[in-house]
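Notes to accompany the following structure.
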Amino acid sequence: MSEESHSGGHSHSHGGHSHGHGVENAQGFTAQGPAAQLSPLEEASIQSVSGQQRVLYLDCQSGIAGDMFVGALIDLGVPVAVLEEAIHGLGLDGIRYEILRGYSGAISTLKFNVFEETKQPARSFAQIRTLLQKSALSKAVVERALRIFERLGRAEAKVHDTTLEEVEFHEVGAVDSIVDIVGAAALLDWLDACVVVSPLPISRGYVECQHGRIPLPAPATLLCLEGLAIVDSGLECELVTPTGAAIVGAEAQVSGGFPAMQVQALGWGAGQRGLGDRPNALRVVLGVKPTSQEEQTSSATGRETLPLILGETNLDDESPECIAFTIEALLNAGAL
């Protein structure tokens, strides 16, 4: 990852703690100035689309984690205020968060970090549910966040042969994962889009966690991805984290390649480590579903717009005059 950096990040604190600016970390990401300096991001906020369904495509060539997802949606153009309101709504003291601008390889990306200013306990599913239900978050955000936590909780319960209520989250019960998931829920609620996720790159090897040494992909992570397409990355490092898996497992409505859409905006969210063979970043693409007429053809360019539908039939003992008339009628109706 390049050491070159861009300005435009900020960091905030809760509970009366101070924060510093202008400090570059080892990955080449730099925090610069107060939240007001993020105004260019807010000015680039996504425009509303009346009467059209938004599509959010998660291009997970380097995997996905909660912090990558949050950074990508802010870079996409979701207002920073949506994230700030969600974090404040949690009502947790003693945490600090920052949004940094930098590079993943040669690509300009946003990095989202959460820090403990005051030691935070690891929380169980039941404790997280109570925290969210007592928070100042909207009902819609609470329900979405709980759906993500429940996806992971049920996976953990199955792996450890226990119940959802008794599941003890460790890494995901930490405050940074809670903020990542709640932030993701708030940003998705604001965006109101159909989520489509690419095939997810699965790693090899092992990872150390509170349960000891476990194989990759982590058992609960793989269970969270039930119903979604996966591919072997060939890498021995964790690309899809439990938090990232829970988000896509709970929110993705379609798993596959790029969907048909009119592209509106792109966003990039940075990961934690450098990868030797690719930028460690999540790309998100926002678009709107094309109308039925646009799905047949693009009058502006003359290019076909996918997806196309192929209809086939067998004809026997049909007069040539009827065939010719039928072909002409189909072409006039928009057939290719």
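L200 contributes atom CG, which lies 6.5 Å from atom OG of S255 (distance to the nearest 0.5 angstrom). Here the straight-line distance linking atom CG of L188 with atom CG of L73 works out to 6.0 Å at 0.5 Å rounding. With rounding to the nearest 0.5 angstrom, the CD1 atom of I327 is 11.5 Å from the SG atom of C322. For the atom pair R123 CZ and I128 CD1, the distance stands at 7.5 Å (nearest 0.5 Å). Separating the CD1 atom in I230 from the CD1 atom in I202 is a distance of 5.0 Å, to the nearest 0.5 Å. With rounding to the nearest 0.5 Å, the separation of OG in S62 from CZ in R273 is 11.5 Å.
Closest approach of A281 to W268, counting heavy atoms only: CB-CE3, 3.8 Å. Here the shortest heavy-atom pairing between S203 and S233 reads CA-OG, 3.7 Å. The shortest heavy-atom contact between A246 and L152 is CB-CB, 3.9 Å. Here the closest heavy-atom approach between residue Q253 and residue C194 is recorded as OE1-CA, 3.2 Å. Residues C60 and V197 come closest through the heavy atom pair SG-CG2, 3.8 Å. In terms of heavy atoms, L282 sits closest to M68 at N-CE, 3.5 Å.
More than 12 heavy-atom neighbours from other residues, nucleotides or ligands sit within 6.0 angstrom of CD on E318. Environment of CZ in F325: sparse, with no more than 12 heavy atoms of neighbouring residues, nucleotides or ligands closer than 6.0 Å. Crowding of Q120 atom CD: a count of heavy atoms from other residues, nucleotides or ligands under 6.0 Å exceeding 12.
Clustering ILVMFWY residues whenever any of their side-chain heavy atoms sit less than 4.5 angstrom apart, transitively, puts L266 in a cluster other than the one holding I107. Both V179 and V142 sit in one connected hydrophobic cluster of ILVMFWY residues. Membership requires side-chain heavy atoms under 4.5 Å apart, directly or through other members. The hydrophobic clustering, which links ILVMFWY residues whose side-chain heavy atoms are closer than 4.5 Å, places V80 and V182 together. Under the 4.5 Å side-chain heavy-atom criterion for grouping Ile, Leu, Val, Met, Phe, Trp and Tyr, I178 is not connected to F115 through any hydrophobic cluster. Residues V141 and I181 are members of one and the same hydrophobic cluster, defined by side-chain heavy-atom contacts under 4.5 angstrom among Ile, Leu, Val, Met, Phe, Trp and Tyr.
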Requested in this report: Show your working on side-chain contact (heavy atoms from CB on, under 4.5 Å) between R54 and L191 and close with a plain yes or no.
Outcome: CA-CA 8 Å; R54 277 178 168 159; L191 203 54; 4.2 Å; yes

**Report entry** CA sep, side-chain torsions, deciding dist, call: D277, L235, side-chain contact (heavy atoms from CB on, under 4.5 Å)
**Finding:** CA-CA 9 Å; D277 67 337; L235 299 181; 3.9 Å; yes

Query - Verdict with supporting geometry, R96 and E116, salt bridge (charged side-chain N to carboxylate O under 4.0 Å, His left out) - result: CA-CA 6 Å; R96 177 170 60 88; E116 291 184 17; over 6 Å; no

Query raised in the report: When you look at D59 and V284, which way does the side-chain contact (heavy atoms from CB on, under 4.5 Å) test go after all the steps?
Result: CA-CA 6 Å; D59 187 15; V284 296; over 6 Å; no

Requested in this report: Given side-chain contact (heavy atoms from CB on, under 4.5 Å), test L216 with Y206 step by step and report yes or no.
Outcome: CA-CA 5 Å; L216 291 173; Y206 297 86; 5.8 Å; no

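Contact annotation: the side chain of L239 never approaches that of I64 to less than 4.5 Å [non-hydrogen atoms, C-beta and beyond]. Within the 4.5 Å cutoff, no side-chain heavy atoms of K289 are placed close to those of Q262. Side-chain contact between L132 and L146: present, with at least one pair of heavy atoms (C-beta onward) separated by less than 4.5 Å. Using a 4.5 Å heavy-atom threshold, the side chains of F69 and V248 count as separate. Inter-residue side-chain proximity for L58 and I247 is flagged as unmet; no heavy-atom pair is nearer than 4.5 Å. Side-chain atoms of V82 and P79, non-hydrogen and from C-beta on, do get closer than 4.5 Å to each other. M261 is listed as a side-chain neighbour of Y57, based on a closest heavy-atom distance under 4.5 Å. Annotation: side chain of Q61 is not in contact with side chain of P201 (no heavy-atom distance under 4.5 Å).
The aromatic rings of H88 and Y97 sit perpendicular, their planes meeting at an angle over 60°, well past the 30° parallel limit.
Salt-bridge formation is detected for the pair E208/R213: a Lys NZ or Arg NE/NH1/NH2 atom is positioned less than 4.0 Å from an Asp or Glu carboxylate oxygen. Under a 4.0 Å N-O distance rule, the pair E251/R144 qualifies as a salt bridge. A salt bridge links D67 with K111: the closest approach of a Lys/Arg side-chain nitrogen to an acidic carboxylate oxygen falls below 4.0 angstrom.
The one candidate from R154, E150, E156 that meets the side-chain contact (heavy atoms from CB on, under 4.5 Å) condition with F125 is E150. For the pairing with L56, the side-chain contact (heavy atoms from CB on, under 4.5 Å) check across V285, L76, V196, L187 returns one residue only, L76.
Side-chain atoms of D75 do not come within 3.5 Å of backbone N or O of G269 as any donor-acceptor pair. Panel note: side chain T130, backbone A126; a donor-acceptor pair is recorded below 3.5 Å. The main-chain N or O of P217 is never found under 3.5 Å from a side-chain atom of T221 such that the two would form a donor-acceptor pair.
Listed by chain and number, the hydrophobic cluster partners of L330 come to none, as no ILVMFWY side chain reaches under 4.5 Å of it.
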